[in-house]
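These numbers were taken from a predicted model, which means no experiment stands behind them. Start at 1 and go down the list; that is how both ligands and their atoms are numbered.
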Amino acid sequence: MNRSRRLRRTQIIRDLVRETTLTKNDLIQPFFAIEGKNKKEAISSMPGIYRYSVDALVKAVEGYIKVGGKAGLFFGIPLHKDGVASEAYATDGILQKAIKAIKKNFPEFIVITDVCLCSYTDHGHCGVIVKKEVDNDKTLPLLGKAAVSHAQAGADIVAPSDMMDLRVRQIRNDLDKNNFENVAVMAYSVKYASAFYGPFREAAHSKPGFGDRKSYQMDPANTREALKEARQDVLEGADMVMVKPALAYLDIIANLKWHLDVPIVAYNVSGEYSMVKAAALKDWIDEKDVVLESLISMKRAGADLVISYSSQDALRWMNDE
Ligand code: PBG
């Protein structure tokens, strides 16, 4: 008779038949950079995550590398914001300075940079505003400039998160024109207009000053549109595509995995992190078990890589085992 429990009897048998694994090569940790010296600012809605001045960021990245971290996703939070997001593409912008310092200290560490305008605009939208609307085509050259400035500072991979149409094409062309053909594009192709980004907007000071992001981010009810967005980005030159958020969108990750032949990235976003943290702080759940189960679920769904605020913790737990 068929009995499934035979292969569940002992840990070793279970390990032998395990279908999915989570390894150190699968994880990416986000980091936030701010101006100043020796600064480590707590983010109240994301316990355990900080904004670091560049000098402190170098130490934080060092700690992450020590537990086995291979790659980080970097965000900049500028002091100066304006209508055209000048600091997003300034040579001495906060993110550009952070990239330079990280690559100088850890040349092998993979630096991925978020390419977007929302933290840099005074209105908090991801593009330029014309007549109260986010203007797609006026935004494109600014995104291209931001990506090139990150590459000049030493970024290995640029990750556009703005959701403007045709931005991957613009960024790929601008990178190539500037001899950065080896800099890869990780496109936030399938980015839903999600309430799970709430804590991030506190962290990155990027809450829109008016309206919401529904005219550029995707409707959570749509599946086929996800495939359309991702296919389009691959055609435009994306080397990897991302689904964001992760946990409420595992079906989308699985769908893209079947249909595309590029690496699929899952972004386990701020709200997902904060909910687990809050419940763990109340002793309602076991944080380690919930995080590792969540991360393996993203891999099982089809993600090749996972961006998670819990990456450093997960690496530590994996080292302990
Ligand atoms: C910038 C950006 C956002 C996130 C990553 N890049 C926020 C947003 O679109 O509002 C969200 C990350 C998270 O919630 O962890 N556009």
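Each of His150, Arg172, Gln152 was scored for a side chain to side chain contact (heavy atoms under 4.5 Å, CB included) with Phe180, with one residue passing: Gln152. The one candidate from Phe200, Phe74, Tyr52 that meets the ring-ring contact (aromatic ring centres under 6.0 Å, His included) condition with Phe32 is Phe200.
For Cys116, every heavy-atom contact with ligand 1 shorter than 4.0 Å involves the side chain, none the backbone. The side chain of Cys118, and not its backbone, has at least one atom closer than 4.0 Å to an atom of ligand 1 (non-hydrogen atoms only; side chain from C-beta on).
Residue contact check for ligand 1: Tyr273 places no non-hydrogen atom closer than 4.0 Å to it. Within the 4.0 Å heavy-atom shell around ligand 1 one does not find Lys207.
Atoms of ligand 1 found under 4.0 Å from any heavy atom of Tyr267, numbered from 1 in the order shown, are 12 (C), 15 (O). For ligand 1 and Tyr309, the ligand atoms under 4.0 Å from any heavy atom of the residue are 12 (C), 13 (C), 15 (O). Of all the atoms in ligand 1, the ones that sit under 4.0 Å from a non-hydrogen atom of Asp114 are 6 (N). Taking every non-hydrogen atom of Ser161 and a distance limit under 4.0 Å, the qualifying atoms of ligand 1 come out as 1 (C), 2 (C), 6 (N), 16 (N).
Atom 16 (N) of ligand 1 has its closest protein heavy atom at Lys191 NZ, 2.9 Å. Among all protein heavy atoms, the one lying closest to atom 11 (C) of ligand 1 is Lys244 NZ, 2.7 Å. Counting protein heavy atoms only, atom 14 (O) of ligand 1 is closest to Ser270 OG, 2.7 Å.
A donor-acceptor contact shorter than 3.5 Å links the side chain of Glu202 to the backbone of Ser44.
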Considering only distance and modelled atom types, tabulate donor-acceptor pairs under 3.5 Å from the side chains of residues 203-212, sequence neighbours left out.
unit_1: Asp212; atom_1: OD1; unit_2: Lys214; atom_2: N; d: 3.0

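Applying the under-4.5 Å side-chain rule to Ile, Leu, Val, Met, Phe, Trp and Tyr, the cluster around Ile94 extends to Val54.
By the criterion of side-chain heavy atoms lying less than 4.5 angstrom apart, applied directly or through intervening Ile, Leu, Val, Met, Phe, Trp or Tyr residues, Leu166 is grouped together with Tyr216 in one hydrophobic cluster.
Side chains of Arg14 and Gln11 form a contact here, defined as non-hydrogen atoms less than 4.5 Å apart.
On a distance-only criterion, Ser206 and ligand 1 share no N/O pair closer than 3.5 Å.
Nearest approach of Val84 to Leu142, heavy atoms of both residues: O-CD1, 3.6 Å.
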